[in-house]
Amino acid sequence: MPVKRVARAAGAGTAAALMALTALVGCGAGEGPTDASPKPKPDATATAPTSVRLPPLHGGFDYQIGGAYRPPSDVRIVSRDRATSPAPGLYNVCYVNAFQAQPSERGQWPADLLLRDARGKVVIDRDWDEPLLDIGTAAKRKRVAARVNRWIDGCAAKGFDAVEPDNYDSYTRSRHLLTAQDAIAFISLLSAHAHARHLAIAQKNTVELAGVRKKAGLDFAVAEECGAYDECGAYAKAFDDRVLVIEYTNSGLRKARSGYGDRLSIVRRDVLVSTPGSADYVRRTR
C-alpha cells in the first residue's frame with residue numbers, strides 16, 4: 001500500500017521558475033547533458049476528454065491513499081489506491097504509481113524498463129526506495145504505458161471517476177537521463193487511455209509543467225503542499241480552480257486556506273496518510 005510522497009525539484013514553486021521551465025518545454029530545450037541527439041516528439045497528442053466527469057469545484061476532500069476508510073460527512077471527493085474500491089456516492093480518484101515502481105513490485109517489471117545509469121545500475125528514488133521507470137524512448141514509453149494502462153482499466157472497472165498518476169516529476173530525479181519532454185510524452189499516452197475509459201486524469205504535483213497541462217491532456221490537479229510552497233496560485237490558474245490540495249502541516253493549511261479556501265478543495269492530512277484509529281492520524285479542514 002503506498003503512502004504519500006512529496007518529491008520536488010529544487011527551487012520549484014516560484015512564478016519565475018514556472019514560466020522559465022514552461023518556456024523550455026515549449027521550445028524543446030531542457031535535455032540532460034548526456035543526451036547529444038534531438039529529443040523525440042511526444043508519441044501522441046492526448047485526446048480531448050469525452051464523457052469525462054470532472055471533480056466538483058471547492059468540494060470537501062479526503063486523501064486516503066494510505067488506507068481506505070469511511071469518509072467524513074463533509075467529503076464529496078476522495079482519492080484512494082488502485083487496490084481499493086471507490087467510496088459509494090462520492091467523486092473517486094484512483095491513485096497509481098505510474099513513473100516509478102513500488103519496491104514490492106520491482107521484480108514484476110522487465111529489467112530493461114527500469115532506468116539505468118551509464119554503469120548499468122538502476123536509478124532509485126532514495127526517499128521511497130523506488131526504481132524509476134525508463135520512459136526515455138517512444139518504444140519504452142509505449143511498453144510502460146501498456147502496463148500502467150491495465151491499472152487504469154482496473155480503476156475504470158471498479159467505478160472510479162478519475163485517475164491520479166504519481167511521480168510525474170521523476171525526471172527531476174533521473175540524473176539527467178530523462179527530460180520534462182519525456183514525462184509529457186508519457187503522461188499524454190496515459191491521458192488518452194484514461195479518456196477512452198471515460199476517466200478524468202490529474203496532474204500530480206510538478207507545478208513547473210502546469211502551463212502545458214492541455215498539451216498533456218490533464219484535467220485537474222492534485223497538489224501536495226501548494227500552500228506551504230506558495231504554488232496554489234499557479235495550479236489554480238492552470239486548472240481553473242479545479243485543484244485538490246493536501247497539506248501536511250498546520251501552517252501549510254493556514255496558508256492554503258488564507259488565499260484559496262473559498263476556491264480550491266483543501267485538506268490537511270498526516271504525512272503517512274494513515275487511517276482513523278492510528279496514533280498518526282490527522283485530518284483537518286480548518
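Just the heavy atoms: all of them, side chains too, but no hydrogens, waters or symmetry mates, feed the values below.
Looking at Asp169 and Arg173, a side-chain N of the basic residue comes within less than 4.0 Å of a carboxylate O on the acidic one, giving a salt bridge. Salt-bridge annotation for Arg53 and Asp219: absent, with no side-chain N of the basic residue lying under 4.0 Å from a carboxylate O of the acidic one. With respect to the salt-bridge test (charged N to carboxylate O, under 4.0 angstrom), the residues Asp117 and Arg175 qualify. Checked for salt-bridge contact, Arg283 and Glu247 miss the test: no charged N lies under 4.0 Å from a carboxylate O.
Of the inter-residue distances, the one linking Phe160 atom CZ with Ser85 atom OG reads 6.5 Å to the nearest 0.5 angstrom. Note that CG of Leu253 and OG1 of Thr249 are 8.0 Å apart. Values are rounded to the nearest 0.5 Å. Within the model, atoms CZ of Arg242 and NE2 of His58 stand 13.0 Å from one another, a figure rounded to the nearest 0.5 Å. One distance of note links OH of Tyr63 with CZ of Arg80; it measures 13.5 Å at 0.5 Å rounding. To the nearest 0.5 Å, atoms CG (Asp241) and OH (Tyr260) are separated by 8.5 Å. Atom CG of Asp125 is separated from atom CD of Glu130 by 6.0 Å, given to the nearest 0.5 angstrom.
Residues Val123 and Arg116 fail the side-chain proximity criterion, which asks for heavy atoms closer than 4.5 Å. Taking the side chain as every heavy atom from C-beta outward, Arg257 and Arg286 approach each other to under 4.5 Å. Contact check for Asn167 versus Asn97: side-chain heavy atoms found under the 4.5 Å cut-off. Side-chain contact check for Pro71 versus Gln64: some heavy-atom pair is nearer than 4.5 Å. Residues Val93 and Asp161 form no side-chain contact, since every pair of their non-hydrogen atoms from C-beta on lies 4.5 Å or further apart. Contact of the Lys158 side chain with the Thr84 side chain is not registered, since no non-hydrogen atoms from C-beta on lie closer than 4.5 Å. Contact of the Phe220 side chain with the Gln203 side chain is not registered, since no non-hydrogen atoms from C-beta on lie closer than 4.5 Å. In this structure, Tyr248 and Asp270 have side chains that are not in contact, with every pair of non-hydrogen atoms separated by 4.5 Å or more.
Classification of the Phe99-Tyr168 ring pair by plane angle, with boundaries at 30° and 60°, yields tilted.
Between the side chain of Tyr171 and the backbone N or O of Ile135, no donor-acceptor pair lies under 3.5 Å. Using modelled atom types, one side-chain atom of Asn92 and one backbone atom of Leu90 make a donor-acceptor pair closer than 3.5 Å. Formation of a donor-acceptor pair under 3.5 Å by the Arg284 side chain with backbone atoms of Val267 is not found in this model. Under a 3.5 Å cut-off, the side chain of Asp81 and the backbone N or O of Gly67 do not form any donor-acceptor pair. For the pair Ser278 (side chain) and Ser274 (backbone), a donor-acceptor distance under 3.5 Å is absent.
Linking Ile, Leu, Val, Met, Phe, Trp and Tyr whenever their side-chain heavy atoms come within less than 4.5 Å leaves Val78 and Val96 in two separate clusters. Connection of Val122 to Leu177 is established within a shared hydrophobic cluster, with ILVMFWY side chains joined at heavy-atom distances below 4.5 Å, either directly or through further cluster members. Connection of Ile124 to Val144 is established within a shared hydrophobic cluster, with ILVMFWY side chains joined at heavy-atom distances below 4.5 Å, either directly or through further cluster members. No chain of hydrophobic side-chain contacts below 4.5 Å, direct or via other Ile, Leu, Val, Met, Phe, Trp or Tyr residues, connects Val273 to Tyr281. At a threshold of 4.5 Å between side-chain heavy atoms, the hydrophobic network of Ile, Leu, Val, Met, Phe, Trp and Tyr places Val212 and Leu178 in one connected group.
When all heavy atoms of Gly159 and Pro86 are compared, the closest pair comes out as C-CG, 3.8 Å. Scanning all heavy atoms of the two residues, the minimum distance from Pro165 to Ala202 falls at CD-O, 3.3 Å. Ile187 approaches Ala216 most closely through the heavy-atom pair CG2-CB, 3.8 Å. When all heavy atoms of Ile201 and Gly217 are compared, the closest pair comes out as CG2-O, 3.4 Å. Nearest heavy atoms, Leu199 versus Cys155: CD1-CB, 4.4 Å. The two residues Tyr95 and Asp166 come nearest to each other via the heavy atoms OH-OD2, 2.7 Å.
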For Arg143 and Asp134, what are the C-alpha separation, side-chain angles and deciding distance, and is it a salt bridge (Lys or Arg N to Asp or Glu O under 4.0 Å)? CA-CA 10 Å; Arg143 289 173 61 202; Asp134 190 348; over 6 Å; no

Assess the residue pair Thr137 and Lys140 against the criterion (side chain to side chain contact (heavy atoms under 4.5 Å, CB included)); give the C-alpha distance rounded to whole Å, side-chain angles, the decisive distance to 0.1 Å, and a yes or no. CA-CA 5 Å; Thr137 68; Lys140 287 189 175 182; 3.4 Å; yes

Trace of the salt bridge (Lys or Arg N to Asp or Glu O under 4.0 Å) decision for Arg197 with Asp153: CA-CA 7 Å; Arg197 297 296 182 270; Asp153 290 341; 2.8 Å; yes

Evaluate the criterion side chain to side chain contact (heavy atoms under 4.5 Å, CB included) for residue pair Tyr69 and Asp62; output intermediate values, then yes/no. CA-CA 10 Å; Tyr69 53 88; Asp62 200 7; 2.7 Å; yes

For Ser79 and Glu164, what are the C-alpha separation, side-chain angles and deciding distance, and is it a side chain to side chain donor-acceptor pair (under 3.5 Å)? CA-CA 8 Å; Ser79 184; Glu164 172 194 344; 2.6 Å; yes

Test side chain to side chain contact (heavy atoms under 4.5 Å, CB included) applied to Asp182 and Arg141, step by step: CA-CA 8 Å; Asp182 294 326; Arg141 283 193 287 274; 3.3 Å; yes

Begin with the C-alpha distance, continue with both residues' side-chain angles, and end with the deciding distance and a verdict on side chain to side chain contact (heavy atoms under 4.5 Å, CB included) for Ser174 and Leu115. CA-CA 8 Å; Ser174 72; Leu115 184 67; 3.8 Å; yes

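Sorted pairs that involve residues 253-286 and meet disulfide bond (SG atoms under 2.5 Å apart), not counting sequence neighbours, are lacking altogether.
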